[in-house]
**Q** 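Take a look at the following structure, please.
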Amino acid sequence: MCAASNGTECLLSCGAVVITGASSGIGEEFVKAITARNCKAKFFNLSRTSPNEALASGQLQHCPADLSSAAGQDAATTAAETWLDGAGQEGGILLINNSGFGSFGVFPEPSLERSLQMIDLNMRAPVVLTGRLLSRIKERGGAVINISSTAAFQPTPLFAIYGGTKAFMMNWSLGLWRELRDTKVHVLCVCPGPTGTNFFRAAGFTKAPVSDKMGQTSSQVVQESLQALASRQPLVVCGWSNKLAVMISSRIPRVWVTMLTYMTLKKLRNCPTTTQSRN
C-alpha cells in the first residue's frame, strides 16, 4: 500500500510493473533499479523496440506497441489488463508512463501529423493507460510514476508542442496525486532535464547540444525518482542545476522567460533545423 508506507516497502509490495519505453534510457534504468530492490517483480513493457532479453533476469514480458495512435493505445492497454489479471501477477501495481518524444523546429515542423502523434504519445497514452488500469491499482495498491520534464515549467518556443505536453503531464499528475491521496495509490511526477539517453541522438545531433556538466545520466534520474517515491513526494525535479533553473524561472515574468528560452533554443538551429527525438 504505497500511500501508507515508504518507497522501499512500496517497491517490495509491487509484484507487477507496467512500463512504457523500457527498451533504453530512463525506462531501462527503472527496470534495472527496481529489479535490484525487488527480485520478484515482474515487468510488462510497452514499446516499439524490444528491450534487452537479459533485462530483469527474464522477468520481463515485452508487448510491441505503437502508443502514438488511439488504436495502438487501446490494444496495448488491453494487453496490459490481460497480463495483470493473469496467474502469478500478484501484489501491488506500479505503472510507469515513460515513453515520449519531441520535435525541434518552428511549428508545424516537421509536420502537423507528427505533432499530433507527439500529443497522442506524450499525453493521451498515459491518460488511457492510467485511466483503464486505475481501478486495479486502487484495489491492489501501488503507484503511478509519470515522466515529465523541466520543459514543463516554462514555454519552450521551437519545442512548443513538446513543452506543452510536458506541462500537461506535470499539472495532470499533481491533480491526480491530490485526488488519490486518500487511496492506496501514490502518484509521482518526475521532471528530468537533459539526460544521457537516445533523446538527442534520435534527433540527428552528432552530439548533445547541452554540456554533459548540465545533464544527468539515466541512472541518476531513476535513483532520484525512487528516493522521491520513498519519501512520498508528488513532484521531483532531478539534478541541482535543474532545480536552480526552475526556481529562477519561476520568479521571472513568463513573457520574459519565453524570450530567454527562445534565444537559448535558437542556438540549436546550428544543428539540424528540424529534428525529432524519442524516449
**Q** One pair to check against side chain to side chain contact (heavy atoms under 4.5 Å, CB included): Lys138 and Lys184. What are the steps and the verdict?
**A** CA-CA 6 Å; Lys138 283 182 176 181; Lys184 296 191 292 183; over 6 Å; no
**Q** Indicate yes or no: at least one non-hydrogen side-chain atom of Pro192 is less than 4.5 angstrom from one of Thr150.
**A**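 Not touching, per the 4.5 Å side-chain cut-off.
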**Q** For residues Ala80 and Val18, report the shortest heavy-atom separation together with the two atoms involved.
**A**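 Smallest heavy-atom distance, with atoms named: CB-CG1, 4.3 Å.
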**Q** Hey, what do you get for CG (Asp120) to OG (Ser115), rounding to the nearest 0.5 Å?
**A** 11.5 Å
**Q** Tell me, do Arg114 and Phe101 make a side-chain contact under 4.5 Å, heavy atoms counted?
**A**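 The answer is yes, as the side chains (C-beta and beyond) meet within the 4.5 Å cut-off.
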**Q** Judged by atom type as modelled, is there a donor-acceptor pair below 3.5 Å linking the side chain of Glu224 to the main-chain atoms of Gly239?
**A**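 Yes: the side chain of Glu224 pairs with the backbone of Gly239.
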**Q** Given side chains that start at C-beta, do those of Ile26 and Glu29 come closer than 4.5 Å, heavy atoms only?
**A**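 Heavy-atom side-chain distance check fails, nothing below 4.5 Å.
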**Q** Could you pull out all residues at least two apart from Glu90 that satisfy side-chain contact (heavy atoms from CB on, under 4.5 Å)?
**A**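 Expected list: none.
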**Q** Could you tell me which residues satisfy salt bridge (charged side-chain N to carboxylate O under 4.0 Å, His left out) with Lys40, sequence neighbours excluded, listed by chain and number?
**A** none
**Q** Tell me whether Leu46 shares a hydrophobic cluster with Val128, the cluster being built from Ile, Leu, Val, Met, Phe, Trp, Tyr side chains joined at under 4.5 Å.
**A**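 Hydrophobic grouping puts Leu46 apart from Val128.
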**Q** Can you name the closest pair of heavy atoms from Ala33 and Val222 and give their distance?
**A** CB-CG1, 3.7 Å
**Q** Keeping Asn38 on the side-chain end and Ile34 on the backbone end, is there a donor-acceptor pair under 3.5 Å?
**A** no
**Q** Rounded to the nearest 0.5 Å, what's the gap from CG on Leu94 to NE2 on His186? Could you check?
**A**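 The NE2 atom of His186 is 11.0 Å from CG of Leu94, to the nearest 0.5 Å.
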**Q** Are any of the side-chain heavy atoms of Val255 and Pro253 separated by less than 4.5 Å?
**A**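 Val255 vs Pro253: side chains apart.
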**Q** What residues form a side chain to side chain donor-acceptor pair (under 3.5 Å) with Thr130, not counting sequence neighbours?
**A** Asn97
**Q** Show your working on side chain to side chain contact (heavy atoms under 4.5 Å, CB included) between Thr264 and Thr261 and close with a plain yes or no.
**A** CA-CA 5 Å; Thr264 300; Thr261 304; 5.6 Å; no
**Q** Using side chain to side chain donor-acceptor pair (under 3.5 Å) as the criterion, list what pairs up with Asp74, not counting sequence neighbours.
**A** Arg132
**Q** Ile93 versus Cys14: any side-chain heavy-atom pair under 4.5 Å?
**A** no
**Q** Is it the case that the side chain of Asn98 and the backbone of Thr20 share a donor-acceptor pair, with hydrogens and angles ignored and the cut-off at 3.5 Å?
**A**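 Here the side-chain-to-backbone pair exists.
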**Q** Go through the structure and list residues passing side-chain contact (heavy atoms from CB on, under 4.5 Å) with Met123, not counting sequence neighbours.
**A**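 In terms of side-chain contact (heavy atoms from CB on, under 4.5 Å), with neighbours along the sequence ignored, Met123 is linked to Ile119, Thr165, Phe168.
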**Q** Enter the distance from Leu60:CG to Glu53:CD here, rounded to the nearest 0.5 Å.
**A**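 Reported value, rounded in 0.5 Å steps: 10.5 Å.
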**Q** Counting only N and O atoms by type, is there a donor-acceptor contact under 3.5 Å from the side chain of Gln89 to the main-chain atoms of Gly86?
**A**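 Pair absent, no side-chain N/O of Gln89 close to backbone of Gly86.
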**Q** For Arg254, what residues pass the salt bridge (charged side-chain N to carboxylate O under 4.0 Å, His left out) criterion, not counting sequence neighbours?
**A** none
**Q** Could you go through Phe30 and Ser218, starting from their C-alpha distance and side-chain angles, then the distance that decides it, and tell me whether this counts as side chain to side chain contact (heavy atoms under 4.5 Å, CB included)?
**A** CA-CA 9 Å; Phe30 263 116; Ser218 297; over 6 Å; no
**Q** Holding to side-chain contact (heavy atoms from CB on, under 4.5 Å), I want the full list of residues that pass it with Thr49, two or more places apart in sequence or in another chain.
**A**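 Listed in chain order: Ser23.
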**Q** What residues, two or more places apart in sequence or in another chain, satisfy side-chain contact (heavy atoms from CB on, under 4.5 Å) together with Thr35?
**A**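 With sequence neighbours excluded, Thr35 shows a side-chain contact (heavy atoms from CB on, under 4.5 Å) to Val31, Phe43, Ala56, given in chain and number order.
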**Q** What distance separates Ser148 OG from Met169 CE, expressed to the nearest 0.5 Å?
**A** 6.5 Å
**Q** Tell me whether Arg251 contacts the main-chain N or O of Met247 through its side chain, where contact means a donor paired with an acceptor under 3.5 Å.
**A**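 Judged by distance alone, yes, a pair lies under 3.5 Å.
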**Q** Kindly give the heavy-atom pair with the smallest separation between Lys166 and Asn122, and that separation in Å.
**A**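 Closest pair (atom of Lys166, atom of Asn122, distance): CE-ND2, 4.4 Å.
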**Q** Quick check: closest heavy atoms across Ile137 and Ala143, and the distance to 0.1 Å?
**A**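 For Ile137 versus Ala143, the nearest heavy atoms are CG2-N, 4.1 Å.
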**Q** Kindly say whether Gln154 contributes a backbone atom to a donor-acceptor pair with the side chain of Thr156 at under 3.5 angstrom?
**A** no
**Q** The test is side chain to side chain donor-acceptor pair (under 3.5 Å); show your working for Gln233 and Ser231 and say whether it passes.
**A** CA-CA 6 Å; Gln233 297 178 41; Ser231 57; 2.9 Å; yes
**Q** State whether the side chain of Asn146 and the backbone N or O of Ser173 hold a donor-acceptor pair below 3.5 Å, judged by distance alone.
**A**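 Here the side-chain-to-backbone pair does not exist.
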**Q** Hydrophobic clusters join Ile, Leu, Val, Met, Phe, Trp and Tyr when side-chain heavy atoms are under 4.5 Å apart, directly or via other members; which others share one with Met259?
**A**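 None; Met259 is a cluster of one.
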**Q** Enter the distance from Leu129:CG to Ile96:CD1 here, rounded to the nearest 0.5 Å.
**A** 12.0 Å
**Q** For Glu139, which residues count as a salt bridge (charged side-chain N to carboxylate O under 4.0 Å, His left out) partner, sequence neighbours excluded?
**A** none
**Q** Angle between ring planes, Trp83 versus Phe44, binned at 30° and 60°: parallel, tilted or perpendicular?
**A** parallel
**Q** Show which residues join Leu235 in its hydrophobic cluster (side-chain heavy-atom contacts under 4.5 Å, direct or indirect), or state none.
**A**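 Via sub-4.5 Å side-chain contacts, Leu235 links to Phe153, Met170, Leu174, Val237, Val246.
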**Q** So how far is it from Ser103 OG to Leu158 CG, rounded to the nearest 0.5 Å?
**A**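 One gets 12.0 Å once the value is rounded to the nearest 0.5 Å.
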**Q** Determine, step by step, whether Thr195 and Thr217 satisfy the side chain to side chain contact (heavy atoms under 4.5 Å, CB included) criterion, reporting the C-alpha distance in whole Å, the side-chain angles of both residues, the deciding distance to 0.1 Å, and the verdict.
**A** CA-CA 5 Å; Thr195 306; Thr217 65; 5.9 Å; no
**Q** So does Leu55 get a backbone contact from the side chain of Gln59, meaning a donor-acceptor N/O pair under 3.5 Å?
**A** no
**Q** Taking C-beta and beyond as the side chain, do Pro157 and Phe107 meet within less than 4.5 Å on heavy atoms?
**A**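 No, every pair of side-chain atoms sits at 4.5 Å or beyond.
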**Q** Can you name the salt bridge (charged side-chain N to carboxylate O under 4.0 Å, His left out) partners of Arg136, sequence neighbours left out?
**A**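 Arg136 satisfies salt bridge (charged side-chain N to carboxylate O under 4.0 Å, His left out) with Glu81, Asp85 once adjacent residues are dropped.
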**Q** Measure the shortest side-chain to side-chain distance between Ser69 and Leu121 over non-hydrogen atoms and say whether it is less than 4.5 angstrom.
**A** no
**Q** Nearest heavy-atom pair of Leu84 and Ala16: which atoms, and what distance?
**A**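 That closest heavy-atom pairing would be CD2-CB, 3.7 Å.
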**Q** Looking at Ala65, is its backbone amide N or carbonyl O close enough to the side chain of Arg48 to form a donor-acceptor pair, meaning the two atoms are under 3.5 Å apart?
**A** no
**Q** Is any side-chain heavy atom of Val190 less than 4.5 Å from a side-chain heavy atom of Ile145?
**A**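 The answer is yes, as the side chains (C-beta and beyond) meet within the 4.5 Å cut-off.
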**Q** Is a side-chain donor or acceptor of Glu109 paired with a backbone partner of Val106 at a separation under 3.5 angstrom?
**A**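 A pair under 3.5 Å: yes.
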